[in-house]
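Labels below follow one simple rule: chain letters A, B, ... track the order of the sequence lines, proteins then strands, and each chain is numbered from 1. Values reported hereafter were calculated over all heavy atoms of this structure, with side chains retained and with hydrogens, waters and symmetry mates removed.
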There are 2 protein chains.
Amino acid sequence: MVNPLIRKLENFTRLSGQDKHLLSEFLHEGIRHLGPREDIIREGERPQSVNLVLSGWACRYKYLEDGRRQIIAFLVPGDLCDNNFFLLRQMDHSIGALTPISIAQIPRHRIEEVSLHHPRVAQALSWEALTSMAIQREWTVSLGQRDAQERLAHLLCELYLRLRAVGLTDGTSCELPLRQAELADALGLSTVHVNRTLQELRASQLIMLKGKTLTIPDLNALRSVAQFTPTYLHLEHEGRHLDANE
Amino acid sequence: MVNPLIRKLENFTRLSGQDKHLLSEFLHEGIRHLGPREDIIREGERPQSVNLVLSGWACRYKYLEDGRRQIIAFLVPGDLCDNNFFLLRQMDHSIGALTPISIAQIPRHRIEEVSLHHPRVAQALSWEALTSMAIQREWTVSLGQRDAQERLAHLLCELYLRLRAVGLTDGTSCELPLRQAELADALGLSTVHVNRTLQELRASQLIMLKGKTLTIPDLNALRSVAQFTPTYLHLEHEGRHLDANE
DNA sequence: CGCCCTGTTGAGTTTTATCAATATTGGTGG
DNA sequence: CCACCAATATTGATAAAACTCAACAGGGCG
């Protein structure tokens with residue numbers, strides 16, 4: 001299996017063969033396979049390593065005391081679950097699998113070794129962390145300002161582009177292995193309302209959704225409904241000045 | 001002026017005299033003073049240094065094309081505005097002053113020097129970044145799941161504790177130099193609704209608010225209204241194993 | 001004194017949630 | 001291949017939360 005982290009980081013900067021070798025060694029310490037609704041790590045636990053999603057989808061989530069749940073982030077292949085979290089004494093949220101998933105556990109010392117001795121890779125990993133923060137900020141904007149239709153359209157644009165960045169789209173289509181209840185928990189809406197909003201988007205020909213496959217026939221149309229601007233994903237090879245020259 | 005960043009980082013780990021000296025040198029390159037509604041850095045600009053809030057309040061914010069605004073984060077003394085952002089080609093949001101504010105511009109090379117040669121300080125700065133991410137995640141939870149009263153109560157708890165962590169509370173009181181319109185933009189509510197919700201909290205004796213001074217007579221009561229759990233602020237000296245032993 | 005900014009109030013509307021029932025789907029064993 | 005089951009999706013009706021608009025009040029400051 002190709003390491004999707006490499007693919008993802010190459011949206012930032014070109015990596016040398018040695019860099020890639022280093023990153024592919026991340027996979028050698030142990031790969032876990034989990035089924036849907038199994039937790040990768042749970043609130044309160046102390047993280048000891050860094051988890052990298054190799055295949056499948058996961059999410060960060062948090063329950064309130066009274067049972068309401070918010071999905072805080074979706075994690076797709078190439079995403080690091082918890083870079084640097086080992087500095088904290090305990091997780092303040094949980095991460096759970098949404099589909100069958102395989103994840104690599106990267107030992108802390110490997111990360112630290114990279115940041116000490118391989119500045120280009122370290123910067124690429126920092127870029128990864130910065131973009132995941134940017135995504136979190138954009139979710140704040142969506143939840144605070146966008147209405148149901150904009151919010152849903154925005155999320156679908158984001159997921160499509162993130163999947164495209166790791167080669168997981170097929171033309172105008174990608175997988176969307178989420179139940180409506182999960183979309184609802186991520187968007188801060190009820191499942192009923194998500195259902196109706198999806199129907200609106202379908203009726204306007206903005207999306208097609210059969211089974212677990214999402215098709216966006218006209219990305220610009222969907223972007224404009226969502227007021228989606230892709231800048232925050234920082235996918236435009238922003239670290240090109242660091243490119244490996246081999 | 002004492003460097004509030006030092007005070008903040010000491011919630012994580014104890015710093016040596018040398019560490020503190022290093023951090024206080026952050027202030028020597030240039031301090032900017034801005035008035036309310038002036039921007040510290042604007043969306044689209046390329047960040048070249050790291051800004052540290054010394055006094056006053058600021059916020060991250062983002063406008064949608066149609067003029068709606070979301071405040072993404074509040075920044076109080078001791079907060080770093082944009083650690084590592086110089087890796088990105090452009091800011092995906094703006095940062096603006098809310099009150100008269102003074103900020104230190106820390107040159108990129110100082111940050112990089114620290115992360116290379118001073119691991120304890122570097123880890124403390126990583127902790128700072130991790131907690132600001134955790135705060136962002138908690139805002140996602142608030143905006144997605146909490147209703148107006150819970151959301152407002154939660155924000156007030158958070159701000160009170162963050163100010164206390166840098167010594168800016170006075171018993172059960174702290175400053176809250178925000179207009180209702182700004183609270184509204186942060187909470188994803190209308191100003192009218194913020195106004196009414198504030199009145200509810202006042203009527204229940206959960207808060208007192210005169211002028212720019214907030215008093216929380218019974219923090220536990222307010223916490224329980226908000227379903228606020230302070231874990232995500234990671235203020236409990238979590239890096240004590242790294243303590244300087246002098 | 002008067003002005004502007006901020007806060008407050010009331011009335012009516014829109015968006016979204018809730019509840020409960022029904023339909024559809026995908027997977028499983030016979 | 002079919003019948004069945006559970007999980008998921010869909011629908012309708014009603015209620016709650018929050019928004020909008022518009023007017024008015026209060027306070028600080030030149």
* Partners of Glu128(B) by side chain to side chain contact (heavy atoms under 4.5 Å, CB included), sequence neighbours excluded? -> Lys8(B), Leu9(B), Asp79(B), Leu80(B)

* Structure fact -> To the nearest 0.5 Å, atom CD of Glu45(B) lies from atom CD1 of Ile95(B) at 10.0 Å

Atom pairs and distances, side-chain donor-acceptor, residues 202-216 of chain A, under 3.5 Å, sequence neighbours left out:
unit_1, atom_1, unit_2, atom_2, d
Ser204(A), OG, Glu200(A), O, 2.8
Thr215(A), OG1, Ser173(A), OG, 2.8

* Starting at CG of Asp82(B), measure out to NE2 of His93(B) and round the result to the nearest 0.5 Å. => 7.5 Å

* DNA chain D: 5'-most and 3'-most nucleotides touching chain A, 4.0 angstrom heavy-atom criterion -> dT8(D) to dA13(D)

* To do: Could you identify which residues of residues 199-211 of chain B place a heavy atom less than 4.0 Å from some atom of DNA chain C, listed by residue number, or say none?
  => Gln199(B), Arg202(B)

* To do: Please list all pairs passing the salt bridge (Lys or Arg N to Asp or Glu O under 4.0 Å) test where one or both residues lie in residues 47-65 of chain A, with sequence neighbours left out.
  => Lys62(A)-Glu138(B)

Side-chain donor/acceptor pairs under 3.5 Å, residues 183-192 of chain A, sequence neighbours excluded:
unit_1, atom_1, unit_2, atom_2, d
Asp185(A), OD2, Arg69(A), NE, 2.9
Asp185(A), OD2, Arg69(A), NH2, 3.2
Ser190(A), OG, His193(A), N, 3.2

* **Contacting residues from residues 58-70 of chain B, given that a heavy atom lies under 4.0 angstrom of DNA chain D** => none

* Presence of salt bridge, Arg68(A) and Glu150(B), under 4.0 angstrom -> yes

* **Main-chain N/O of Glu43(A) paired to Ser94(A) side chain as donor or acceptor, under 3.5 Å** => yes

* Asked: For Ala153(A), does its backbone N or O pair with a side-chain atom of Arg146(A) as donor and acceptor, under 3.5 Å?
  -> no

* Asked: What residues, two or more places apart in sequence or in another chain, satisfy side chain to side chain contact (heavy atoms under 4.5 Å, CB included) together with Thr131(A)?
  -> Trp127(A), His234(A)

* To do: Calculate the interatomic distance between Lys212(A) atom NZ and dG26(C) atom P; express it in whole Å.
  => 9 Å

* Taking atom types as modelled, is there a side-chain donor on Tyr232(B) or Glu158(B) under 3.5 Å from an acceptor on the other? -> yes

* Asked: Atom CG of Asn195(A) and atom P of dA20(C): how far apart are they, to the nearest Å?
  -> 19 Å

* Structure fact -> Sorted by chain and number, sequence neighbours left out, ring pair (Phe, Tyr, Trp, His ring centres under 6.0 Å) with Phe26(B) holds for none

* Using the side-chain hydrogen bond (donor to acceptor under 3.5 Å, both in side chains) rule, take Gln70(B) and Thr140(A) through it: C-alpha gap first, then chi angles, then the decisive distance, then the call. => CA-CA 8 Å; Gln70(B) 177 66 33; Thr140(A) 304; over 6 Å; no

* Axis-to-axis angle between the two ends of the helix from dC1(C)-dG30(D) to dG30(C)-dC1(D) (five base pairs per end, rounded to 10 degrees) -> 40°

* Is a side-chain donor or acceptor of Asp39(A) paired with a backbone partner of Arg42(A) at a separation under 3.5 angstrom? -> no

* Which residues satisfy the ring pair (Phe, Tyr, Trp, His ring centres under 6.0 Å) test with Tyr160(A), sequence neighbours excluded? -> none

* Structure fact -> Quick tally for nucleotides 11-16 of chain C: nucleotides whose base has a protein heavy atom under 4.0 Å get B, sugar-phosphate-only ones S, the rest -, giving B----S

